[in-house]
Amino acid sequence: MIPFSHTWPYETLRQDIYVENCPFCGAERVILPLKVKDLAPIHEGRKRLLVFPCCHGSFTVVDTDRDYLLADRKLR
């Protein structure tokens with residue numbers, strides 16, 4: 001099980017996915033380079049590198065659920 005410190009909450013708006021705050025630079029309302037259709041393969045086991053467009057900080061998404069992206073490293 002992945003600890004809560006390795007998670008980051010996300011929201012969906014139509015087909016876009018965004019986060020309220022960037023875990024790296026603190027920018028607000030960042031639209032991620034992910035679409036809703038990309039979440040199913042990640043949940044099924046495919047890992048995905050996620051690069052934030054605001055500061056180019058990155059982490060590997062190892063799983064998702066309805067509210068959180070689960071990362072390979074500590075985000076909080």
J.: Any donor and acceptor pair, going by atom type alone, linking the side chain of D63 with main-chain N or O of L70 inside 3.5 Å?
T.: no
J.: With a 4.5 Å cut-off on side-chain heavy atoms, are L34 and Y10 touching?
T.: no
J.: Would you confirm whether W8, through its side chain, and N21, through its main-chain N or O, come within 3.5 Å as a donor-acceptor pair?
T.: yes
J.: Are the side chains of P33 and L50 in contact, using a 4.5 Å heavy-atom criterion?
T.: yes
J.: What's the spacing between I42 CD1 and L69 CG if we round to 0.5 Å?
T.: 7.5 Å
J.: Determine whether a donor-acceptor pair (N or O, by modelled atom type, separation under 3.5 Å) exists between the side chain of R29 and the backbone of Y18.
T.: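 Answer holds: no.
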J.: Rounded to the nearest 0.5 Å, how far apart are CG of L13 and CD1 of I31?
T.: 7.0 Å
J.: Could you state the interatomic distance from OH (Y68) to CZ (F4), rounded to the nearest 0.5 Å?
T.: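 Y68 atom OH to F4 atom CZ measures 4.0 Å (nearest 0.5 Å).
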J.: Could you give the distance from NE2 (H56) to SG (C25), rounded to the nearest 0.5 Å?
T.: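 SG of C25 is found 10.0 Å from NE2 of H56.
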J.: When you compare the side chain of C54 with that of F24, does any pair of heavy atoms fall below 4.5 Å?
T.: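 Counting from C-beta outward, F24 and C54 never come under 4.5 Å.
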J.: Quick one: pull up OG1 in T12 and CG in L32 and give me the separation to the nearest 0.5 Å.
T.: 11.5 Å
J.: Just how far is it from atom CZ of R46 to atom CG of D38, taken to the nearest 0.5 Å?
T.: 10.0 Å
J.: Is there a side-chain contact between D16 and K35 (heavy atoms, below 4.5 Å)?
T.: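 Yes; the side chains approach each other to less than 4.5 Å.
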